[in-house]
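A quick write-up on the structure given underneath.
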Amino acid sequence: MAVGNVQNAAPRTYGNWRKPTSSGLFGLGDLGTAIMLGGLILSVLVTMATDLLRGLITFVILAAVLGTILTRDRHGKSLLDRGLARIGWRSATRRGAHLYRSGPLGFALWGTHQLPGIAAQLRLSEHTDSYGRQFALIYAPTTRTYTAVFATEPDGASLVDPDQLDVWVADWGHWLANLADEPGIEACAVTIETAPDTGHRLRHEVSSNIDPHAPAFAQAMLNEVVDMYPAGSSVIKAYVTLTFSAVSHATGKKRTDLEMGRDLAARLPGLTGSLAATGAGASRPLSAAEVCEVVRVAYNPGIAPLVDQAHADGEDTGLSWVDVGPAAAEAEWEGYRHDDAYSVTWAMTTAPRGNVQSSVLARLLAPHREVARKRVTLLYRPLDAAKAAAIVEADLRSAQFVATSTSKPSARAVLATRSAAATAQEEAAGAGLVNFGILVTATVLDAEREAEARAAIDNLAATARLRLRPVYGAQPSAFAAALPLGLILPKHLKVPASVKDRL
């Protein structure tokens, strides 16, 4: 009998993501370098036109400005960024902008519960796709975008062969890369939400299928399962949002709700069908009523049992878009109090360094006993082929400039050059380029449990090899951006992110 040698394949790893940088001197970007050179020239001119003292004063002011740009914390935030955030927060609190009241005694029109903050502008409409399914479209007037929300049923990685996991990851990468070819695509987001299971769905399923002629012992056992199983169990929900530009690339005109609905009606079945190959399971677009329920429960988790009870009884919740906001909300520097809950939102500042396996986010996405409701949102910005080529080539030139600016480049500079070169080669071979970020929201029903929730997220971030930072001074905006609403935060900044990255 012949015996063959079986070699176990090494687990597949993923990596080589990097943040594009701009070339400059002394750790500055190109814009920061221009400010430095312009300031030096100004100092020389002031010295020549007046005297040495005033020239020195000008140089000290320039050094102070550059010092605020170069002084960065472990999250990469400069002293200038932190100072501007603190100034903006104090201005908002003086104006009372951190407080929100709605309903009959609030300031919302007609006594409604309108969404607060950057989500107040959103409008909701409902349409029908080519499969006859109702789907909701969320319109953002400020950014002129439309968002469609899909509900998915992920298969999970339990009892799945590693080869199948690799196929799912590869198909997910292809799906994201193909989004760049979708006409008008602006952004994509994946939201994984974990929450306590109320048990109403299980009770309805058992009560509607139990046989009245079954043995008493079997019925008693089922009733005990219904009573005991929901205690301590969790439910996991997954949503995928696609955001499209309202401006037509063919005509350059802004499309109305009806025009956008007709355009997406034929495209959504293909997008939802292709998601099945990525391990997302069965996916379907959410209707307007379902979107209202998702948002309302996020701002007021206390009504989740009522919503589940209504679904179990086959009743309609009756929620409309003007009633999904909180009755009261108060923003804090590093937290957000809304109705009967308290939430904290973190943003990813550094992706995992080195190579990781496909299960790197497993513990972060799983339910945690110290967090009542946890929401992890992965934000993607697909780039078309023209922009991707320009970005990777500029990033490669910047990395090479940093590495060759000294006779003894650091190991990190050499590794950055290799990574940028690998990215450029992969893009030239046809790979897609996607900007990505992560938002993590932890919600507790008791504000006294805030410290435990913060510690839990810090531990989970370490297992995922992520560096997370609370979104100081902008918790309401980050909370709304983590919801499946299609909000694109970079488009709401007063100072564009591209300008900050070049300092």
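What you are looking at is a predicted structure, and each value in this text was computed from that prediction instead of being measured.
With hydrogens and angles left out, the side-chain atoms of T152 and S283 include no donor and acceptor closer than 3.5 Å. Side-chain contact, N16 with S419: a donor N or O sits under 3.5 Å from an acceptor N or O. One side chain, W175 or S274, offers a donor N or O that lies under 3.5 Å from an acceptor on the other. Side chains of T243 and T147: a donor-acceptor N/O pair is present below 3.5 angstrom, by distance only. Residues S102 and H113 bring a donor and an acceptor atom of their side chains to less than 3.5 Å of each other.
With respect to R454 and D458, no salt bridge is recorded, no charged nitrogen being found less than 4.0 Å from a carboxylate O. Ion pairing between R18 and D395 holds under the 4.0 Å rule for side-chain N and carboxylate O. A salt bridge links E290 to R284: at least one charged side-chain nitrogen sits closer than 4.0 Å to a carboxylate oxygen. Ion pair K77/D81 not flagged as a salt bridge, since none of the NZ, NE, NH1 or NH2 atoms sits closer than 4.0 Å to an Asp/Glu carboxylate oxygen. Taking a cutoff of 4.0 Å between a charged side-chain nitrogen and a carboxylate oxygen, R375 and E193 qualify as a salt bridge.
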**Report entry** Pair T93-W333, side chain to side chain contact (heavy atoms under 4.5 Å, CB included): steps then yes or no
**Finding:** CA-CA 10 Å; T93 53; W333 173 246; over 6 Å; no

Report task. With side chain to side chain contact (heavy atoms under 4.5 Å, CB included) as the test, would you mind laying out the steps for V440 and L468 before giving the verdict? Result -> CA-CA 8 Å; V440 180; L468 300 179; 4.0 Å; yes

Query - Residues Y139, Y146; criterion ring-ring contact (aromatic ring centres under 6.0 Å, His included); working and verdict - result: CA-CA 5 Å; Y139 175 58; Y146 284 93; 4.6 Å; yes

Query raised in the report: Where do E126 and S287 land on the side chain to side chain contact (heavy atoms under 4.5 Å, CB included) test, with the steps shown first?
Result: CA-CA 7 Å; E126 192 173 54; S287 64; 3.3 Å; yes

Query raised in the report: Between W17 and V356, does a side chain to side chain contact (heavy atoms under 4.5 Å, CB included) hold up when you go through it step by step?
Result: CA-CA 11 Å; W17 36 68; V356 298; 3.6 Å; yes

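K374 places none of its side-chain heavy atoms less than 4.5 Å from the side chain of T441. Residues I69 and L28 have side chains in contact (heavy-atom distance under 4.5 Å, counting atoms from C-beta outward). Here the side chains of V235 and T194 are not in contact, with every heavy-atom distance at 4.5 Å or above. Residues R296 and D339 form a side-chain contact, since some pair of their non-hydrogen atoms from C-beta on lies under 4.5 Å apart. The side-chain heavy atoms of P382 and L176, taken from C-beta on, include no pair separated by under 4.5 Å. Two residues are said to be in side-chain contact when any heavy atoms from C-beta on lie closer than 4.5 Å; E182 and L271 meet this criterion. Taking the side chain as every heavy atom from C-beta outward, R267 and D129 never approach each other to under 4.5 Å. Q121 places a side-chain heavy atom less than 4.5 Å from the side chain of P141.
The residue from E332, E448, E330, R337 that alone fulfils the side-chain hydrogen bond (donor to acceptor under 3.5 Å, both in side chains) condition with Y342 is E332.
Closest approach of Q475 to E334, counting heavy atoms only: CG-C, 3.8 Å. Among all heavy-atom pairs drawn from L124 and V291, the shortest one is CD1-CG1, 4.5 Å.
Taking the six-membered ring where tryptophan is involved, the planes of F135 and H127 are tilted, since the angle between them lies from 30° to 60°. A tilted orientation is assigned to the rings of Y336 and H338, their planes being inclined by 30° to 60°.
Under the 3.5 Å distance criterion, the side-chain polar atoms of R467 are matched with a main-chain donor or acceptor of R74. Without hydrogens or angle criteria, N459 side chain to A455 main chain gives a donor-acceptor distance under 3.5 Å. Not a single donor-acceptor pair under 3.5 Å links the side chain of D161 to the backbone N or O of D163. Within the 3.5 Å criterion, the main-chain N or O of A120 finds a donor-acceptor partner in the side chain of Q114. The backbone N or O of T68 sits nowhere less than 3.5 Å from a side-chain atom of T71 that would complete a donor-acceptor pair. In this structure, the side chain of D446 does not engage the main chain of R449 through any donor-acceptor pair within 3.5 Å.
Around the CD atom of E259, the shell of radius 6.0 Å holds more than 12 heavy atoms that belong to other residues, nucleotides or ligands. Within 6.0 Å of atom CZ in R90, 12 or fewer heavy atoms from other residues, nucleotides or ligands are found, so the atom counts as exposed in its surroundings. Enclosure of atom NZ in K254 by more than 12 non-hydrogen atoms of other residues, nucleotides or ligands within 6.0 angstrom is indicated. Within 6.0 Å of the NE2 atom in H174, the count of heavy atoms belonging to other residues, nucleotides or ligands does not exceed 12.
The distance from atom OG1 of T377 to atom CZ of F479, rounded to the nearest 0.5 Å, is 10.0 Å.
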